[in-house]
2 protein chains.
Amino acid sequence: MRSPSKAAPPAMRADARKNYEHLLAVARKIVLKEGVDASLRDIARKAGVGLGTLYRHFPTREALLETLLRTEWDELIAKARALEGAGAPDEALVSWLRDFVAAVRTYRGVVTSMTSAFADETSALHASCAAIRAVCNQLLVRAQTEGTARNDLDGTDLFALVGALAWIGDQPALASRAGALFDVVMGAVFDGRALPPKKTAQLRPAGVF
Amino acid sequence: MRSPSKAAPPAMRADARKNYEHLLAVARKIVLKEGVDASLRDIARKAGVGLGTLYRHFPTREALLETLLRTEWDELIAKARALEGAGAPDEALVSWLRDFVAAVRTYRGVVTSMTSAFADETSALHASCAAIRAVCNQLLVRAQTEGTARNDLDGTDLFALVGALAWIGDQPALASRAGALFDVVMGAVFDGRALPPKKTAQLRPAGVF
DNA sequence: ACCTGAACACCGTTCAAGT
DNA sequence: ACCTGAACACCGTTCAAGT
C-alpha cells in the first residue's frame with residue numbers, strides 16, 4: 001500500500017532503497033549549500049553510508065546531479081508543453097527561460113555541469129540537457145515565426161545566453177543584478193518585428209573576437 | 001647593464017630571480033593548457049622547484065594569476081586611456097569590451113576568479129579588478145553621455161555581462177558562438193538614442209525572477 | 001636569503017572482503 | 001544482493017631543516 005515514491009529507482013531491496021532515499025536527502029542538503037563540487041566523501045560520511053554505496057547508486061557526480069534535478073527537469077518540460085499552444089509566443093518563451101534560469105540556479109555551479117554535458121553523450125546529464133534544449137527550441141521557433149524573436153539565434157544560442165545569466169546569478173558579487181540583466185539580454189533576443197538584417201551593424205568587426 | 005626585466009619583482013637575489021622567472025614561464029604554459037585550476041604542485045614539479053619556493057613567490061593562486069595577467073591588465077588600461085578622448089564613444093566602449101573578453105579568455109576560468117576577487121579586498125586580484133572596472137566605467141559613462149549606451153547600467157553590470165560572455169567562451173560546447181553572442185548582447189547595451197524608460201517593458205514581471 | 005620536501009589533512013575512485 | 005572501508009594516487013598548505 002506504499003505510495004509509489006516519485007522518481008524512485010526500479011526494483012530495489014528494502015534496505016537498499018532506504019539507503020538510497022536517505023543518501024539523496026543528505027546529498028540535496030549538502031549540494032544546496034556547497035554547490036556541485038561538494039565532497040562526495042563528505043556526503044557519504046554525513047549520510048552514514050560507505051563510500052562504495054554512494055558510488056553504486058550514483059556512479060558519477062553527474063548521475064547524482066541528474067537525480068537531484070529530476071523534479072526541476074520534469075517541471076520545466078511540463079511547463080513548456082503547457083505554454084506551447086497558449087498565450088503570446090514571446091511572453092511564453094521569456095517566462096519559460098526565466099524558470100529555466102531559476103531551476104538551474106537551484107544548485108550553484110550546475111549550469112557549468114550542464115554545459116559540459118551538452119556535448120558529452122556519455123554524461124548522465126546529457127539526456128536531460130538534450131530534452132531541455134529541445135523544448136526550449138520549440139518555444140523559440142514559435143516566438144520566431146509567430147512572435148518577434150530574432151531569427152538569427154537557435155536553441156543553443158539561447159541556452160548559452162541563459163546559461164550565462166545563470167552564471168551571473170552564481171557569482172555572489174553579481175547576483176543582485178541577475179534579474180535586471182536577464183531583462184536586458186531578453187531585450188536583445190526580441191529586437192523587434194521582422195528583424196533588420198544587421199541590428200548590431202553599428203558594432204562592426206563582429207566575427208573573430 | 002641588464003635591461004630592467006618588465007614587471008619583475010623588486011630587489012631579489014640572482015638565484016631567486018632565476019627561479020622566479022622560470023617558475024612563471026612554466027606556470028604560464030601549464031595554466032594556458034589546464035586553466036586556472038591547474039595543480040600548483042604540478043607547476044612546481046615541472047619547474048624543478050620545491051613547493052615552498054612556489055608558495056613564497058606566489059602566496060596564493062590568485063597572486064600567481066595576477067602576475068600571469070599583469071601584461072593583459074596593463075594593455076587594457078593603456079588602451080582605455082588611448083580610447084578615452086578619441087573616436088566615437090560607442091565604438092570605443094565596444095572595442096574595449098571586446099579586448100577585455102579576449103584578455104580574460106587567455107586562461108580558462110579566469111573570469112570566475114576575477115569575479116570572486118571583485119568583492120574580496122584580500123584577494124591578490126582585487127586591485128586589478130578595481131582598476132579594470134574603473135576604466136570600464138569611464139568608457140561607459142562617456143558612451144552614455146555622448147553616445148547611445150543605455151543609462152540604466154553601470155560598470156558592474158557591464159562587467160557582469162562581459163564576464164558572462166567570457167564564460168560562454170570558456171565552455172567548449174558554446175565557444176563557437178561567443179563572438180556572435182557578444183554582438184547580440186552589445187545590441188542590448190546600446191538600445192538607441194535617449195533610451196525609452198522601458199525598452200524591455202514587453203517582458204513584464206522583471207524584478208524578482 | 002633562499003630553498004627543499006616531509007607532514008598533515010583532505011580529495012576521487014576502485015575493489016577485495018564481508019554480511 | 002548489498003554494504004564497507006582500506007588502498008591508491010592525487011590535491012593544497014605549512015613549516016622545520018638545510019645551504
Side-chain angles (χ1 to χ4, degrees), chain A residues 5 8-27 30-31 33-68 108-109 112-113 116-117 120 122-125, chain B residues 5 8-27 30-31 33-68 108-109 112-113 116-117 120 122-125:
Chain A
S5 161
M12 203 150 104
R13 229 169 62 180
D15 55 343
R17 140 160 287 137
K18 207 181 143 200
N19 264 336
Y20 178 91
E21 230 81 72
H22 184 233
L23 199 43
L24 207 48
V26 171
I30 294 182
V31 175
K33 201 201 306 185
E34 312 278 346
V36 296
D37 289 326
S39 160
L40 298 180
R41 234 191 176 85
D42 194 41
I43 292 172
R45 198 161 34 215
K46 295 232 170 81
V49 115
L51 246 177
T53 302
L54 185 149
Y55 270 90
R56 193 158 18 75
H57 285 312
F58 309 105
T60 63
R61 172 172 247 117
E62 284 72 33
L64 174 58
L65 290 178
E66 158 70 16
T67 306
L68 286 179
R108 210 169 351 116
T112 304
S113 303
S116 307
D120 175 13
T122 75
S123 167
L125 281 168
Chain B
S5 160
M12 202 151 103
R13 230 169 61 181
D15 56 343
R17 139 159 290 137
K18 206 182 143 197
N19 264 335
Y20 178 90
E21 230 82 72
H22 184 233
L23 199 42
L24 206 48
V26 171
I30 294 182
V31 175
K33 201 202 304 183
E34 312 277 346
V36 295
D37 290 326
S39 161
L40 298 179
R41 233 192 176 83
D42 195 40
I43 291 172
R45 199 161 32 217
K46 295 232 171 79
V49 114
L51 245 179
T53 302
L54 186 150
Y55 270 90
R56 194 160 18 73
H57 285 312
F58 308 105
T60 62
R61 174 172 245 116
E62 285 72 33
L64 174 58
L65 290 178
E66 157 71 17
T67 306
L68 286 179
R108 210 168 352 114
T112 304
S113 303
S116 307
D120 174 13
T122 75
S123 167
L125 281 168

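Naming: A, B, ... by sequence-line order, numbering from 1 per chain.
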If you write DNA chain C from 5' to 3' in dot-bracket form, with Watson-Crick or G-U pairs under 3.5 Å, [ ] for crossing pairs and | for pairs with another strand, what do you get?
||.|||||...|||||.||
Are any of [X]'s side-chain N or O atoms less than 4.0 Å away from OP1 or OP2 of [N]?
X	N	value
B:Arg56	C:dC2	no
B:His57	C:dC3	yes
B:Arg45	D:dC11	yes

Nucleotide of [options] approaching [X] most closely (side-chain heavy atoms):
X	options	result
A:Ser39	C:dG12, D:dC2, D:dT13	C:dG12
B:Thr53	C:dC2, C:dT4, C:dT14	C:dT4
B:Arg41	D:dC11, C:dC3, D:dT4	D:dC11

In whole Å, I'd like the distance from the [atom1] atom of [X] to the [atom2] atom of [N].
X	N	atom1	atom2	value
A:Asn19	D:dT4	CG	C1'	11 Å
A:Tyr55	D:dG5	OH	P	16 Å
B:Lys46	D:dC11	NZ	P	9 Å
A:Leu54	C:dT14	CG	P	13 Å
A:Asp37	D:dC11	CG	C1'	14 Å
B:Arg13	D:dT19	CZ	P	14 Å
A:Leu40	D:dG5	CG	C1'	16 Å
B:Asp42	D:dT13	CG	C1'	17 Å

Hey, are the side chains of [X] and [Y] touching, using non-hydrogen atoms and a 4.5 Å cut-off?
X	Y	result
A:Val36	A:Thr112	no
B:Leu40	B:Leu64	yes
B:Leu65	B:Thr60	no
A:Leu125	A:Asp120	no
A:Lys18	A:His22	no
A:Phe58	A:Leu68	no

Give one of base, sugar-phosphate or nothing for [X], where a contact means two heavy atoms less than 4.0 Å apart.
X	value
B:Ala14	nothing
A:Ala44	nothing
A:Leu51	base

Which residue is it: B:Arg61, B:Glu66, B:Glu62? I am looking for the one with a side chain to side chain contact (heavy atoms under 4.5 Å, CB included) to B:Ser123.
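Between B:Ser123 and the candidates, side chain to side chain contact (heavy atoms under 4.5 Å, CB included) is satisfied uniquely by B:Glu62.
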Using atom types as modelled and distance alone, determine if a side-chain donor or acceptor of A:Arg41 lies under 3.5 Å from a backbone N or O of A:Leu51.
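It does not hold such a pair.
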Quick check: on DNA chain C, is the nucleotide nearest A:Ala38 upstream (toward 5') of the one nearest A:Gly52, or the reverse? Name the residue that is more 5'.
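This one resolves to A:Ala38.
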